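Single-structure report; data block below.
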Amino acid sequence: MAALLEVRNLAVEFHRDRAVSRAVNGVTLSVERGKSLGIVGESGSGKSVTVKAIMRLLPRYARSASGAVLLEGQDVMRLSEGRMRHLRGRRMAMVFQDPHAYLNPTKTVGSQLVEPLILHRLAAGAEAKRRAVDLLRLVGIPSPEVRFTQYPFEFSGGMLQRVMIAMALIADPDLLIADEPTTALDVTVQAQILRLLRKLKEDRGMAMILVTHDLVVAAQTCDEVVVMYGGTVVERVPSHKLLTASAHPYARGLIACTPRISNADTIPTPIAGQPLNLREPLPGGCLFAARCPDRVAQCTEVRPQLEDVAPDHQVACFVAAGAAKEGAVHE
Amino acid sequence: MSETPLLEASELTRRFRSRQGVMSAVDRVSFRLMRGEHLGIVGASGSGKSTVAKLVQRLLPATEGHIYYSGRDVTNLGERALRPLRRRIQSVSQNPYASLFPNKSIGQNIVEPMLLHRMGSPKERMDSAMRLMRQVGVPSEQFYAFPHEISGGQQQRIAIARALALHPELLILDEAVSSLDVSIQAQILHLLVELQGQYSLTYLFVSHNLAVVRMICTQVAVMFLGRIVELGPVSEIFSHPAHPYTQALLAAVPDFSSARPAGADVPQEVDSEPEPPSPYRLPSGCRYRTLCPIATQRCESEEPQLRTVGAGQHAACHYSGGAEAEPDPARTEREGVR
Amino acid sequence: MSMPTLKKRTMATLMWGRFRRNRAAVLGGAFVLFLILCAILAPVIAPYSYMQSNFLATYQSPSWQHWFGTDELGRDMLSRLLFSLRTASLIGFGAEAVELTLGLLVGAIAGYLGGAADTILMRVVDVVYGFPSLLFAIILVVMLGHSLFAILIAVAATSWVTMARIVRSQVIVVKQSDYIAAARGMGANWWQILRRYVLPNSLGPIAVTVTFGIPANMMVESALSLLGLGVQPPTPSWGALIANGEQAMFSFPYLLAFPAVTFAMTLLAFTFFGDGLRNVFDSKSMH
Amino acid sequence: MVRFLARRLAYMFIAFLCISLVTFMLMKMAPGSFFNANFQVNGVSAVAGSYGVSPQVMDALIKYYHLNDPWYVQWWYYVHGFLTWHMGTSFEYPGTRTVTIIDTAFPFSVRLALMAVATGVIIAIPIGVTAAMRENGWMDVGLMFFAMLGTSLPAYLVAVLLIVLFALWLHLLPVIGFTHPQDFILPVLSLALPMVGALSRYLRNSLIDSLHSEYVTGVIAKGGSLSRAVWRHALRNSLLPMITVVGPQLAGLMTGTVFIEEIFDLPGLGHYFVGAANVRDYPLIMDSALLYATVILAMNLLVDLTYGLFDPRIRRAGDLG
């Protein structure tokens, strides 16, 4: 089955104040129709920049050095800005971390909610309002007619995030990208929003990308997960294997240091060292080599590429890939 | 119970007045914190947990109630009388960058509290600042780096080092690891455990992250809209939470054990978010009752008080644990009405 | 234990580094410095007396003897310009010093204490803010006489409220910041907090306001003298020179051009310098 | 909302009283008055003397102008006169009520100021928007350089420079006169250009802040264009704070016209005011000062009200209270 979205070797640099910051250094991933992909990583891993680059929402000082973003085979990085506008909101829509910041504070929620319909000439006036109100009801907002005329500041964070989700869905996109949609919310609300996202994805058969720093959230919400470090994908794994059978030392390290409520009597084992400084020239070999407990000589010389360790499971690590091959030979 | 608690809050209340009216950010909160114990305060945003931290640190005046430190009432001490006490209570806040002095280098930031309390000579102060830097894992060569030049994790280390410079007994950690990535968070948690042993510290740990509280603390207080709804030893509360709110809170935490197996469950219906009550217009009786799955008429008329429900475990619910747990006549009555 | 040799860095060095990159600001700053020197050294460097008339050399075009020409009384324009720079600087800096003192006092007290003190002081500021400032300056000069001191007071009388407002809002921002809470938690008393943390961290916007206030004061001074309400002749002032030049502009355009252009350049230099300062202190550029 | 308005109006009135009191005190404290300055200092007054004023007439005049009453009576006489719009007679122009002077001169100044503000805003908005949409491009840098020139030069200096350019070199526009529309071009431009500098810089910076803010990214993510984000969203939010800048600018212009009226010899109120101050024409000084103060206070109030009307947050809160 051909992927709906395919990203090949995407790289993004930021040039500012005569300094270069290498935010994304060769990301390859794909999502199929009706599937959901989680992108996890810590701050500075490039996960958020990657999805903003897919939507071409990066600020002007960002330079996409190389790579391709293919939406059903069409490279969106080569589209004119005018053609790109037809895709944004219509074929790919986005939900952001802080809904209060991503809505115009001086306009009613309703007027902003119908904007995609008007922009893409799908509906206007009463028809647009009817569809918006229906959608508000669908995402679980009580008395949607009243809510339609209210301003963003009259909503709680969780409520407003539902509005943002409705706004992303109103033009019926093929791909929904959610960038840390629950990070700013309380845990009880987070659980509700994640359930909502999963349900909407199933009902509408669209593809979804969920960006999060929380591995457990990704594992619970998505079909497949990619783990990012230093602007590269280090592992691509089916979500049911993420927490138990991940192969990359960084992914395993992340899992080990995630606090778990069920088994919290021991303090998690931290990953040694500091995160990569993307303002400095990148190391020649594996980006994680300096912090890696399994490092071998090869790691500091050659950058590992994603290799299959199992069907649907790829890792960019010499040691892990080697171990998998050995395992296969022994079998 | 003959030992004097290091910190005791008694019926502590803080009200804020605004355009919308008066609200109690903290409402009759009482707890005791023994030396060497670590109390975690958890709750959603707006539950008043950070206000409690500010109140016990005397950064905000309490509207009502008392704060005792080593048995001494410090609620109304003047700034001057408070000064020696401040040395013994230090804090680390959520946003290390905002709490470090922006016009001073990170080394000077650590020197600053010693300077204020006239500890040692300039040379001694600088030496101990460098020692602290190394202890929290920041190279002392970075003494003259400025807060905006180092990473968030490093900033938090410096904030901790600065708090330790006065050798406090009580360290208040207000969401101190919340803004950090997990790999850095784990490093800081290790550091906290290590320092606690070395300096024999007592922690008051405010956090919305229940898993982290479980790791660091011995006691936990769960807050909902300004009230403590459950209080007790971590082991008890996390294994069998008594209050419906605590139960909901624990159930919502994404956890490894509930990770989705392959080809997973699909939620059948979309639940709408029940709006928590406005702190300006609290419901009568129990303030959690509008969200509570087991609320009855009694909850509407009578505000539950904290009462013992297990070994050292207290909950403010009419129906948790103990003798009153069996169905109440009022409840059946309500169901009858429906 | 051995002390590693560390290179001491201060905030000032960081800021200078940032300021230096803004070429327009450096140029503006250099020009401001040059102007200050000229104003101080005017009696030494002026080739002629500013009041010595020479009826044999009236309306002379610029030449090697008189770089900027001479006026209707044969007075050397360069000398008069230098001395009017002196007048403008005295008023510009002097009035700014008054404004800064008053503004710091009122703004810091209102912002730091808050409550009733804040309400009362800010009501006073609001009232003064309602004053038609230029008219008020005119009344003051007419009533107090045309001495330098009277003009200085007239210029500063209403403009200090701008400073007071900026100081107040800055103090409030700083006061509410986490690091002040941290300082209180360390046991710093109010004086230590004010001196060690509030003031140093409020300095940026105040310095910027001062930099923009000085040319603004110069503008008021020259405007007053344009109306004939400035310092009394023969003491030269830009406004008077410009008014004078305007009358003869059709026949002797240099009489208007030199003072107008020097004045404009002075104001510009301050603006560019102030703009550079603002960029340095702008918290966003810190990251 | 009504309570807010009532409170603001009360403050405004108190401020008005304070201003009138201070102005009055200053006038009184100053050495010399219209009459004794003219009699005792100059011997024979140029103005009063020309009417052949005898001591008897002087007494009558002093009585007429309440000059021997206690100060607060005199003060109240001015304030009451102003508030009821029954103002007294000018000293310098005896027989002419200040109302008459104000009635002809003030609308002139107001018209000048309003034309300048309108011109300023109309020029500033496209400049600000253009610069913001090309942040740090050569267009932005160039426009902002000229805006900076505008902000750093006072109106009268701009006037002088414009005169040199248009009248002296190009012989395009008249310098003196106030009857034909083209007579107003230079005065209005002189007042408007410094304002264009300030406003366009302000607008550009505030627009850039908006353009960097998340909600503009939100609009783009929906499929909106940059210009839609600017015109439909960001500009609206930037105009709001710009009101706080325009208000004081307008108030400043009201007094700023003084210099322009002097340079172009226009019969505005500022022109009369300068004359009145020079000869201590108390009634005219008081009344025009009070008028200007009222305008400034009203302008400040208007700014606050507009702000409340535009910001839904304040508007909704107003509903509650």
Side-chain angles (χ1 to χ4, degrees), chain B residues 53-54 57-60 78-109 112-117 123 126-128 130-131 134 139-149 159 162-163 165-166 168 172 174, chain C residues 1-18 112-115 119 170-207 279-287:
Chain B
K54 289 204 181 75
Q57 224 193 335
R58 283 287 320 273
L59 290 177
L60 266 180
E79 271 304 322
R80 192 181 292 265
L82 216 52
R83 204 171 144 100
L85 188 74
R86 293 233 186 256
R87 267 179 81 159
R88 298 158 66 188
I89 308 177
Q90 285 291 296
S91 74
V92 177
S93 75
Q94 172 168 25
N95 187 345
Y97 178 62
S99 72
L100 293 175
F101 302 118
N103 58 330
K104 298 192 186 303
S105 77
I106 56 174
Q108 289 165 323
N109 258 286
E112 203 62 22
M114 301 186 257
L115 198 67
L116 288 174
H117 287 272
K123 169 107 174 55
M126 188 146 166
D127 282 346
S128 66
M130 287 192 174
R131 198 166 47 238
R134 276 192 297 272
S140 54
E141 288 76 35
Q142 292 204 40
F143 191 91
Y144 286 113
F146 280 85
H148 69 267
E149 296 172 323
R162 186 178 66 177
L166 294 176
I172 297 173
D174 184 1
Chain C
M1 121 205 241
S2 73
M3 281 271 282
T5 45
L6 293 175
K7 198 170 154 257
K8 187 166 178 174
R9 294 161 77 222
T10 62
M11 213 61 212
T13 38
L14 288 189
M15 286 182 172
W16 170 241
R18 224 174 296 149
Y112 196 73
L113 292 184
T119 313
Q170 190 60 26
V171 167
I172 287 177
V173 167
V174 171
K175 196 178 78 171
Q176 289 169 346
S177 63
D178 286 5
Y179 59 85
I180 295 301
R184 286 181 57 203
M186 288 174 201
N189 62 35
W190 71 270
W191 172 244
Q192 287 170 323
I193 289 176
L194 193 66
R195 196 173 50 89
R196 297 186 66 86
Y197 316 115
V198 177
L199 284 183
N201 289 304
S202 312
L203 226 52
I206 295 170
N279 287 341
V280 166
F281 287 122
D282 193 358
S283 58
K284 279 176 218 151
S285 62
M286 288 285 219
H287 302 289

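Every chain is numbered from 1 and lettered A, B, ... according to where its sequence line falls, protein lines coming before strand lines. Please read all numbers here as calculations on a predicted model, not as lab measurements.
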Measure the CZ-CG distance between B/Arg83 and C/Asn189 for me, rounded to the nearest 0.5 Å.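 Nearest 0.5 Å value for the CZ-CG distance: 5.5 Å.
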Once rounded to the nearest 0.5 Å, what's the spacing between atom OG1 of C/Thr10 and atom CD of B/Gln108?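 The CD atom of B/Gln108 is 8.5 Å from OG1 of C/Thr10, to the nearest 0.5 Å.
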Note, B/Lys104 side chain near C/Arg196 side chain (heavy atom, < 4.5 Å):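 Side chain of B/Lys104 against side chain of C/Arg196, heavy atoms only: contact under 4.5 Å found.
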Would you say B/Gln90 and C/Met186 make side-chain contact, with heavy atoms under 4.5 Å?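 Answer yes - side chains close enough.
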Heavy-atom distance under 4.5 Å to chain C: side chain of [X], backbone, both or neither?
X: B/Ile172; result: neither
X: B/Ser91; result: neither
X: B/Leu100; result: backbone

Using only non-hydrogen atoms and a strict under-4.5 angstrom cutoff, which residues of residues 199-207 of chain C touch chain B?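 The residues closer than 4.5 Å to chain B, in numerical order, are C/Pro200, C/Asn201.
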Suppose a student defines contact as a heavy atom less than 4.5 Å from any heavy atom of chain B. Which residues in residues 174-184 of chain C would they list? C/Asp178, C/Tyr179, C/Ala181, C/Ala182, C/Ala183, C/Arg184
Partner residues of C/Arg195 under the salt bridge (charged side-chain N to carboxylate O under 4.0 Å, His left out) criterion, sequence neighbours left out: none
Identify, with sequence neighbours excluded, every residue that meets salt bridge (charged side-chain N to carboxylate O under 4.0 Å, His left out) alongside B/Arg58.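 Once residues adjacent in sequence are excluded, B/Arg58 has no partner under the salt bridge (charged side-chain N to carboxylate O under 4.0 Å, His left out) criterion.
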Determine the minimum heavy-atom distance between B/Asn103 and C/Met11, stating which atoms define it. CA-SD, 4.0 Å
